[in-house]
Amino acid sequence: DFITTVIASFSGVIILVNISKWLAGIKYVSSILAACSRSSFYILAFSLLLGNDIIYPLIVRFLPLNILSEVLCFVAVIGACIFLHKAVLRTKYLKYLMLPAKSFVAQHMSAGMSR
């Protein structure tokens, strides 16, 4: 029983790694994953606020509650977080309020190294 569970676990990990490598090779999926990576701070910080208080009530009001509306809600929340990240980066003064402090240290360090 234990041996079959270990074999199934390792097989699942190998299958998941191979599927991930295959998905990362697709151009559009790779660009979406890169955008999610760049805006991961915003996804972590604002997904609950945007999802529970804004997007989910709107989707539930207009669509029946099923798996498709849940997936739509998830995609909308991730998209809203990516949009928020891009909007903050383009706004001069809002950028200083809503970016993590380590990004300013990294920008300062890279600016000091280029002099």
Side-chain angles (χ1 to χ4, degrees):
D1 187 44
F2 175 74
I3 300 297
T4 56
T5 304
V6 169
I7 291 172
S9 297
F10 282 134
S11 300
V13 168
I14 291 170
I15 290 170
L16 187 65
V17 166
N18 287 330
I19 289 174
S20 299
K21 285 182 182 179
W22 177 74
L23 284 175
I26 300 173
K27 181 180 178 181
Y28 297 111
V29 174
S30 178
S31 64
I32 290 171
L33 292 175
C36 288
S37 175
R38 284 190 297 272
S39 60
S40 63
F41 173 76
Y42 286 85
I43 292 172
L44 180 65
F46 298 111
S47 63
L48 284 177
L49 173 71
L50 289 173
N52 291 343
D53 296 336
I54 298 170
I55 295 173
Y56 187 76
L58 283 173
I59 289 178
V60 170
R61 175 176 282 177
F62 296 112
L63 295 175
L65 190 59
N66 57 23
I67 189 70
L68 293 177
S69 60
E70 295 283 339
V71 169
L72 178 65
C73 181
F74 175 76
V75 170
V77 168
I78 298 299
C81 290
I82 291 172
F83 174 76
L84 181 65
H85 176 255
K86 287 185 178 187
V88 166
L89 283 179
R90 294 177 195 266
T91 308
K92 184 176 181 180
Y93 297 110
L94 191 59
K95 176 172 47 174
Y96 296 118
L97 294 174
M98 296 185 70
L99 280 178
K102 71 175 189 173
S103 65
F104 293 119
V105 172
Q107 288 175 358
H108 179 68
M109 294 296 285
S110 65
M113 298 290 271
S114 64
R115 289 183 186 178

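Only this structure's heavy atoms are used, side chains among them; waters, hydrogens and symmetry mates stay out.
- Shortest non-hydrogen contact noted between C81 and S39 is O-CB, 4.4 Å.
- By the 4.5 Å heavy-atom criterion applied to side chains, Y42 and I82 are not counted as neighbours.
- From L48, atom CG reaches atom CD1 of I43 across 12.0 Å, with rounding to the nearest 0.5 Å.
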Side-chain donor-acceptor pairs of residues 57-70 under 3.5 Å, sequence neighbours excluded:
unit_1 : atom_1 : unit_2 : atom_2 : d
N66    : OD1    : L68    : N      : 3.2
N66    : OD1    : S69    : N      : 3.0
N66    : OD1    : S69    : OG     : 3.4
S69    : OG     : P64    : O      : 3.1
S69    : OG     : N66    : N      : 3.0
S69    : OG     : N66    : O      : 2.8
E70    : OE2    : Y56    : OH     : 3.4

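- Shown here for H85 and R38, the closest heavy-atom pair between the two residues is NE2-O, 3.5 Å.
- Atom CG in L49 sits 8.5 Å away from atom CG in N52 (nearest 0.5 Å).
- A single hydrophobic cluster is not seen to contain both V77 and I32; linkage of ILVMFWY side chains at heavy-atom distances under 4.5 Å, directly or through other members, places them apart.
- For S9 (side chain) and T5 (main-chain N/O), a donor-acceptor pair under 3.5 Å exists by modelled atom type.
- In terms of heavy atoms, L50 sits closest to A80 at CD1-CB, 4.0 Å.
- Contact between C36 and I78 at its shortest, heavy atoms only, is SG-CG2, 3.7 Å.
- F83 is not connected to L89 by any chain of hydrophobic side-chain contacts under 4.5 Å among Ile, Leu, Val, Met, Phe, Trp and Tyr, and they are in different clusters.
- In terms of heavy atoms, S30 sits closest to A24 at CB-O, 3.4 Å.
- Grouped by direct or indirect side-chain proximity (heavy atoms under 4.5 Å, Ile/Leu/Val/Met/Phe/Trp/Tyr only), I7 sits with F2, I3, V6, F10.
- For I26, the side-chain contact (heavy atoms from CB on, under 4.5 Å) test picks out W22, L23, V29, with sequence neighbours left out.
- Think of L16 as one node in a network of Ile, Leu, Val, Met, Phe, Trp and Tyr side chains linked at under 4.5 Å; it has no links at all.
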